[in-house]
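Quick notes on the structure that follows.
Below, chain A is the first sequence line, B the second, and so on; all start at residue 1.
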Number of protein chains: 2
Amino acid sequence: MYSIQLIHKNGFEAFTFRKLAELIGTTEASVYRYFENKHRLLIYLAAWYWTWLQYQVKYQTNNINDPVVKLKMIIKLLATTVKDDLRTSYVDESLLHQIIITEGSKTYLTKRVSEDNKDQLFKPYKDLCAHIANIIIEYNPNYRYPKSLASTIIEMAHFQNFFKDYLPSLTDFGETKDESNTVSYLEDMLFRVLRKENCELVNL
Amino acid sequence: MYSIQLIHKNGFEAFTFRKLAELIGTTEASVYRYFENKHRLLIYLAAWYWTWLQYQVKYQTNNINDPVVKLKMIIKLLATTVKDDLRTSYVDESLLHQIIITEGSKTYLTKRVSEDNKDQLFKPYKDLCAHIANIIIEYNPNYRYPKSLASTIIEMAHFQNFFKDYLPSLTDFGETKDESNTVSYLEDMLFRVLRKENCELVNL
DNA sequence: TTTTATTAGATAGTATTACTATCTTTTATA
DNA sequence: TATAAAAGATAGTAATACTATCTAATAAAA
């Protein structure tokens, strides 16, 4: 998908079907045969990404029983730069990951959400969220907000990395190269929230 | 600001200077005298909103010493529908609040972030984040990620409300009318994360 | 008070964007 | 081999996101 290269290079706002058509040596109208508009194209890219990530999550947590280890693995997969998957030679997962960080929330932050949602376009994202929520419940069945916590973790894995690179004063890990601080923050947050209350609460 | 009405009605993507000019009875070129482009207009609206919210936060926590009460007040202000401020007759804060939920993160999720950031356009947002981070530190000086936690709270106050209305399966509070569940979730999360460790950690 | 800037607004344009309608070619199926 | 379906190309359009330039209003300086 050449669209990944173009969106990664100039951003989704500057991306047009004309430019994509030029790059792949076809016409604008031909691109419209496959995608009704550029917003839908972004949604399809995102859906591909979340489906792929869900697969990665299931593969990497396959033999693991401990929910703590599973959750840590998920945070790592969400927040860490992915290495290119060799089986999908046509997709550069690393570039796509960068795109989803910057453009991902634009898929649903529109007036068309409900319509796109009816067309099941957010299913991969919702499935991943539900999967993570299930592991949260497995770890602490008494926690009351597993889905909200899951969507918080997913979104913040991206936002904190974006902030780190472009608005560092919104994070506590300046302009650090890698994502290890984001992983640490998310793990710390998740397991503090889920800590089982076998000692008294001190602040209530 | 008629732009607030237009963006609220049709969304930022469908908003144009031409439509705004028509609404206020002037020409497109005249609007360009005041805003270099529509993205900057959105940034100015957001900056106005965050400045106004910062003022609300300072006003409403003025005589409060207890950081717990202050943080709860901040979560309420962030996540709850605001009532129209009568002193600013020209701005409908309630509409603006709705706009910032849906369009707010688009102000910085662009290729122009660094440029816009250099022009100090995100200062009100960053100031609010820093202010919240300070209260977090006041409450628990040992917590290591006050700024990241502050930006998480700010973003999630909006995202969880958006999800509640349009992608409810990403939250634990279906299609509830008001924002009380979002407030509960955020309070629960914040104070679990910040709980002082005067008893043993059970999961490390 | 008059001159002179500066600001604000209007007119008229342009390149680009986001499409659509329709025709032709290719490919698959009966 | 005929025929239909899919894919692609051509040529358009209305709208968008601007810019250049002209004119009118207003404010500051002489």
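Taking a 4.0 Å limit (strictly below) on heavy-atom distances, residues 31-45 of chain B reaches DNA chain C at B:Arg33, B:Tyr34. Within a heavy-atom distance below 4.0 Å of DNA chain C, the residues of residues 11-28 of chain B found are B:Thr26, B:Thr27.
Taking the six-membered ring for Trp and thresholds of 30 and 60 degrees, B:Phe162 and B:Tyr166 have ring planes inclined between 30 and 60 degrees apart. Between A:Tyr145 and A:Tyr143, the ring planes are perpendicular. Angles over 60° get that label, and only those under 30° would be called parallel. Aromatic ring pairs are classed by plane angle as parallel below 30°, tilted from 30° to 60° and perpendicular above 60°; the pair A:Phe159 and B:Phe159 is perpendicular. Under the 30°/60° scheme for interplanar angles, the aromatic rings of B:Phe15 and B:Phe12 are found to lie parallel.
A sub-4.0 Å separation between OP1 or OP2 of C:dA8 and a side-chain N or O of B:Ser30 is absent.
From the 5' end on, the contacts that DNA chain D makes with chain A at under 4.0 Å to a non-hydrogen atom open and close at D:dA7 to D:dT10.
A side-chain donor-acceptor contact under 3.5 Å links A:Asn140 to the backbone of A:Asn142.
Here B:Arg192 pairs with B:Asp188 in a salt bridge; the nearest charged N to carboxylate O distance falls below 4.0 Å.
With B:Glu179 as the partner, the side chain to side chain contact (heavy atoms under 4.5 Å, CB included) test is satisfied by one option alone out of B:Leu78, B:Thr81, B:Asp165: B:Thr81.
The ring of A:His158 has its center closer than 6.0 angstrom to the ring center of A:Trp50. Two rings, from A:Phe163 and B:Tyr108, have their centers less than 6.0 Å apart.
Counted by atom type alone, A:Ser151 and B:Gln160 present one or more donor-acceptor pairs between their side chains at under 3.5 Å.
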